[in-house]
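Shown next, in structure tokens, is the structure this report addresses.
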Amino acid sequence: MPVIRLCDVHKSFGRLDVLKGVDVDLRPGETTVVIGESGAGKSVILKHIVGLIRPDRGSVHFRGQRVDTIGEREWAKLRTRFGFLFQLGALFDSLTVGQNVAFPIVEHGTYSKGEIEKIVADKLRMVGLDGIQSKRPVELSGGQRKRVALARAIALDPEVVLYDEPTTGLDPVRADVINELILKLKRELRVTGIVVTHDLASARKVGDRIIMLHGGKFVFDGSPQALDRCRDERVRRFVEGRASQEDLRSLQNRGGS
Amino acid sequence: MSMVAGVGAKTVQAVLAFGRFWSFGGSMLMWSAADLPRYRAWRRVMPQFYEVGNRTLPVILVTGMFVGLVLAVQAYDQLLSARLEEHMGVLINLTLVKELGPVLAGVMLAGRIGGALTAELGTMNVTEQLDAYRVMGADPIRHLVVPRFLACLLLTTLLTFFCDLMGSVSGWFIAVIVKHVPNGPYWYRTAEAIEFWDVGVGLVKSFLFGGAIGTISCYKGFYCKPGAEGVGKACTESFVASFIVILIIDFFVATFAMGLYKALYGFKPLL
Ligand SMILES: Nc1ncnc2c1ncn2[C@@H]1O[C@H](COP(=O)(O)OP(=O)(O)O)[C@@H](O)[C@H]1O
Ligand SMILES: [Mg+2]
């Protein structure tokens, strides 16, 4: 049984049709990478999976249960089984690093103070940052923020972790640290992962399966090796990083006038 | 045809926004009531209370001071020519307690606190911090809005009291110290004319203003459009909306209170 299933999901914001029929099954223990241009709707897909956005049409299932119709209260319980790494980290500025990582534990667990401190230290050690508990998020670098955010996302040992552009904006070395973390979480905690990215090196490294979103639909679904063999023009353009003829023409027109 | 469609779409949007506002307000009130007796909730309120209060007290005192000064200066000549200068305290203090204190303090707070609240929650919204609360199974209305709303509610009342006090002192200063109205009769007339009722009406007003400011500014921040531009726009909108709502509430409470007073005690002449 798939962990997560999206069936014919449609979503529009005003006049903008972002998703036009998205179908996908995510298998347990696998890391699926979703690639696509900026603004293609990748983050919107992630937000459908955790119920932050509800589909206009179609359905979302988690372990066989339909979840796009359940209430906010049931979602609140269900969401403890998900970890979500936001694109910009979304750390709480008014709390310290330690309080940030402890937040989901305090909110849902019945742990003592000492136990919470131990879990926080464990998770921070996992991302290589133990000892900075008392710092504020504003004092951290971009890479550190992302790693703290990751520690917070896995604080409750979730079954599913969703990564929204985990390596964007990081230098290649820092980006690879995050890649290794994603692989480590899969290995050690057996999490089912969904990674949204337009970093192809990262996609190839962490992905068991790659899906490409284009024009509101999936246009490719297969292994990293299959991506290189795929002859679809839209996929090739993205993989090789070429602008389309239309993009070039509009550039020339603007330059000439 | 397209105009009809446009009007239709606008209407749908307005209805949706209306529903969203009331569901936001309802959820906020529900959590406020639920969290009122809980220690953990007050631990979230107190820092807000302290910070907002500290930041705002100076402006409130200045506002109150100048309102009192202006009232006294304006009133003196008129009352003197009618040989009613002993009644100056009545005019100054009654106006302050019932009308100007609550309304002006409310407007100042809408600008000072309301703007800050909208900007803070708006920034949290555009940096996905609100979504982060939701995915961790925590209701951001409960964690972020309720403490700010409660702080607004209590603080507006408290700060209005300070505004009244300051205005009263500065009015007395002009009347008694500068213009030499006799001190005894000044206070005697004031005490005679002002009843608990008047103080109560002022209190109720400032309490409602505080609620309106808290609700509107949090709501505007909560649902602001993306980007720094969205946050800025939400701040302006939140101030304008708070200001107008304060004036509307003021009118209705004043009308209602007057009607109720007449029904209970009959008409009261002030002179
Ligand atoms: N809550 C929202 N309200 C309105 N428009 C949105 C919302 N979320 C996303 N969008 C729009 O949907 C499109 C896809 O966004 P997103 O999923 O963030 O793209 P990306 O693939 O870069 O993650 C964008 O044009 C964005 O402006
Ligand atoms: Mg995105």
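Residue numbers begin at 1 in each chain, while the letters A, B, ... track the order of the sequences.
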Heavy-atom contact with chain B under 4.5 Å, split by part of A:Leu91: backbone

Which side chain or backbone donor-acceptor pairs connect chain B with chain A at less than 3.5 Å?
| residue | atom | partner | partner atom | Å |
| --- | --- | --- | --- | --- |
| B:Glu128 | OE2 | A:Lys47 | NZ | 3.1 |
| B:Gln129 | NE2 | A:Asp93 | OD2 | 3.1 |
| B:Arg134 | O | A:Arg79 | NH1 | 3.2 |
| B:Met136 | O | A:His108 | NE2 | 2.7 |
| B:His143 | NE2 | A:Glu107 | OE1 | 3.2 |

A:Phe13 atom CZ, over 12 foreign heavy atoms within 6.0 Å: yes

Show me the donor-acceptor pairs, under 3.5 Å and distance only, between side chains in residues 150-162 of chain B and residues at least two apart or in other chains.
| residue | atom | partner | partner atom | Å |
| --- | --- | --- | --- | --- |
| B:Thr156 | OG1 | B:Cys152 | O | 2.5 |
| B:Thr157 | OG1 | B:Leu153 | O | 2.9 |
| B:Thr160 | OG1 | B:Thr156 | O | 2.6 |

Which of A:Phe82, A:Phe103, A:Phe92 touches chain B most, by non-hydrogen pairs under 4.5 Å: A:Phe92

